[in-house]
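Bear in mind the structure is a predicted one, so any value in this text is a computation, not a measurement. Counting from 1, the numbers follow the sequence of the chain as shown.
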Amino acid sequence: MLQNYVIFVIMAYIKNVLFCFIFLLVSQTMWASHIVGGEFEMEYKGDFQYTLRMLLYFDVLNGNAGARDDQVLVSIFRKRDDVLVTNISIPFFSVSRVDYFQPSCSNGEVVTDKIIYSIDHYFSPDIYNDPEGYYMVWQRCCRNYTITNVYSNEPPNGLHAGQTFYLEFPPVVTPDG
């Protein structure tokens, strides 16, 4: 009788350990769909100072809040030969809820936040003077998997759609040139 009880306790312990192991294994491989869309903005402030903004539209209902970044790393390349000029870390600036004005979009099944990353940056005319200009890029996984016109499987299985933001800009020039 005691032997059966000991075996029962050991089996229960093994089941609990196995359950915890499987849970940890699965939780380490989960991915979240969260990106709905976004864009770059580059605003001239004077004296080669620009405000760089990245707007990211985030799926509140289907996204994982842990997928929100404290900063984004944007890469700037020269268009002529695709050489990396620099990377700029743009910090989180603000978040606000997107209002939907079309009744078919505002039924509560779609809830989106606009996340803004922003920084003021000096673009030296000694560096950003190539006549063909420059482009900045940011990439991130994972697009919202509920979007019906973008084919994607949830990672790590098969194809998964990410998002790439891209902005071209001309060389900066001195006021007299």
May I ask you to check if Arg68 and Phe58 form a cation-pi contact, with NZ or CZ under 6.0 angstrom from the six-membered ring centre and within 45° of the axis? yes

Do other residues, nucleotides or ligands put more than 12 heavy atoms under 6.0 Å from Asp47 CG? no

Kindly check if the number of other-residue, nucleotide or ligand heavy atoms within 6.0 Å of NZ (Lys79) is above 12? yes

Calculate, to the nearest 0.5 Å, the distance between atoms [atom1] and [atom2] belonging to [X] and [Y] respectively.
{"X": "Arg97", "Y": "Asp113", "atom1": "CZ", "atom2": "CG", "value": "4.0 Å"}
{"X": "Ile115", "Y": "Tyr57", "atom1": "CD1", "atom2": "OH", "value": "11.0 Å"}
{"X": "Thr86", "Y": "Met136", "atom1": "OG1", "atom2": "CE", "value": "10.5 Å"}
{"X": "Ile90", "Y": "Ile116", "atom1": "CD1", "atom2": "CD1", "value": "12.0 Å"}
{"X": "Asp120", "Y": "Glu43", "atom1": "CG", "atom2": "CD", "value": "9.0 Å"}

Only counting residues at least two apart or in another chain, list the ones meeting ring-ring contact (aromatic ring centres under 6.0 Å, His included) with Tyr122. none

Which residues satisfy the ring-ring contact (aromatic ring centres under 6.0 Å, His included) test with Phe165, sequence neighbours excluded? Trp138

Consider only side-chain heavy atoms of I, L, V, M, F, W and Y, link residues closer than 4.5 Å, and tell whether [X] and [Y] are in one cluster.
{"X": "Met42", "Y": "Leu56", "value": "yes"}
{"X": "Phe169", "Y": "Tyr117", "value": "yes"}
{"X": "Val95", "Y": "Ile119", "value": "yes"}
{"X": "Met54", "Y": "Tyr166", "value": "no"}
{"X": "Val137", "Y": "Ile127", "value": "no"}

Looking at Val172, Leu167, Ile76, which hits side-chain contact (heavy atoms from CB on, under 4.5 Å) with Tyr134? Ile76

If every non-hydrogen atom of [X] is compared with every non-hydrogen atom of [Y], which pair is closest and at what distance?
{"X": "Leu84", "Y": "Ser75", "result": "CD1-CB, 3.9 Å"}
{"X": "Phe48", "Y": "Val173", "result": "CE2-O, 3.1 Å"}
{"X": "Gln71", "Y": "Pro91", "result": "CB-CA, 3.9 Å"}
{"X": "Gly133", "Y": "Pro171", "result": "CA-CD, 3.9 Å"}

Are Val74 and Leu52 side-chain neighbours, meaning at least one heavy-atom pair lies under 4.5 Å? no

For Tyr50 together with Tyr44, are the ring centres under 6.0 Å from each other? yes

Hey, do the aromatic rings of Tyr135 and Phe77 have their centres closer than 6.0 Å? yes

